[in-house]
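Note sheet for the following structure.
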Amino acid sequence: MKTKSKHLFTYFLFAVFCFTSCQDEITEMDIPNDQEAIVSNSNLVNLMSRTTANFGAADNVLDGVSCFSVELPVTIVISDVTLIIETLSDLEQLESLLSNATNDTVLDFVFPIAIIFNDYSQMEIQNEEELESFINECVGNETDVINCVDFVYPITFSVLIQHSILLIL
């Protein structure tokens, strides 16, 4: 009985220590100075935005412009032959096929198609006139997409945010 009470007392003492012990968790936030932080509309933000933009030049064999790309798969007709382009390797094969073709070879889309702009927004195109309109707009307004640099994820950076306090009475 004496041993049982010693074990019971030990368990009770252990439980009291477990429930009454505490540890203060300190969350430390390092606030970067202005030179280390990324500020919106800065040159660095502009470069990062251009680096992550959709690279529209990969499908220039289809549309001839770099400010948007055609969403794959897409069906095209070349000299009464219907082709379905599903991958980038299909685009490379189409490019080699067109390089061996005559100058009067016409590439026609089977509409509707979707185009993807540099900011990854999409639009559905219903006919050739609509597509030509976007191509003509694009020729004068092509943005410089940076395609020779890639980000390796996970990536860490700091953003400077200014807080305002709202008091509700």
Side-chain angles (χ1 to χ4, degrees), residues 1-63 65-76 83-96 109-126 131 134 137-138 141-169:
M1 174 87 172
K2 202 172 195 183
T3 330
K4 248 187 195 182
S5 63
K6 282 185 179 180
H7 286 295
L8 191 59
F9 179 72
T10 306
Y11 292 136
F12 176 74
L13 191 58
F14 179 72
V16 168
F17 283 133
C18 284
F19 289 118
T20 59
S21 66
C22 63
Q23 176 181 353
D24 289 333
E25 304 250 345
I26 299 173
T27 304
E28 192 173 312
M29 289 194 58
D30 293 333
I31 299 175
N33 62 30
D34 288 345
Q35 292 177 346
E36 294 175 344
I38 298 174
V39 182
S40 64
N41 297 327
S42 67
N43 188 33
L44 179 59
V45 170
N46 183 24
L47 291 171
M48 290 173 69
S49 189
R50 289 175 43 204
T51 302
T52 59
N54 180 34
F55 182 56
D59 70 341
N60 278 358
V61 68
L62 292 175
D63 55 24
V65 291
S66 298
C67 62
F68 64 82
S69 60
V70 177
E71 183 179 34
L72 301 179
V74 65
T75 304
I76 59 171
L83 298 170
I84 299 174
I85 307 297
E86 296 179 310
T87 63
L88 292 177
S89 66
D90 292 344
L91 283 173
E92 291 171 3
Q93 291 174 359
L94 175 65
E95 190 171 13
S96 67
F109 289 100
V110 176
F111 290 95
I113 64 171
I115 59 174
I116 306 168
F117 295 99
N118 288 344
D119 65 353
Y120 293 97
S121 63
Q122 294 186 359
M123 177 173 278
E124 191 168 296
I125 305 296
Q126 300 297 326
L131 179 63
F134 279 103
E137 255 180 54
C138 183
N141 297 328
E142 288 195 41
T143 59
D144 296 330
V145 175
I146 300 173
N147 62 352
C148 61
V149 175
D150 286 325
F151 290 114
V152 178
Y153 295 96
I155 186 170
T156 304
F157 54 90
S158 300
V159 178
L160 185 60
I161 300 173
Q162 295 179 356
H163 296 283
S164 59
I165 299 173
L166 175 64
L167 294 175
I168 299 175
L169 301 174

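Here the structure is a predicted model, which is why all the values come from computation and not from measurement.
Not one N or O on the side chain of D59 forms a donor-acceptor pair closer than 3.5 Å with the backbone of S69.
Residues L131 and F111 have side chains in contact (heavy-atom distance under 4.5 Å, counting atoms from C-beta outward). Using a 4.5 Å heavy-atom cutoff, the side chains of I116 and Q122 are in contact. Residues I85 and L91 are in side-chain contact: their nearest non-hydrogen atoms beyond the backbone lie under 4.5 Å apart. Two residues are said to be in side-chain contact when any heavy atoms from C-beta on lie closer than 4.5 Å; D63 and F134 fail this criterion.
Among all heavy-atom pairs drawn from P73 and I84, the shortest one is CB-CG2, 4.3 Å.
Checking Q126 against E124 by side-chain atom types alone, a donor-acceptor pair falls below 3.5 Å.
With E95 as reference, V61 is the one residue of L62, D90, N60, V61 to meet the side chain to side chain contact (heavy atoms under 4.5 Å, CB included) rule.
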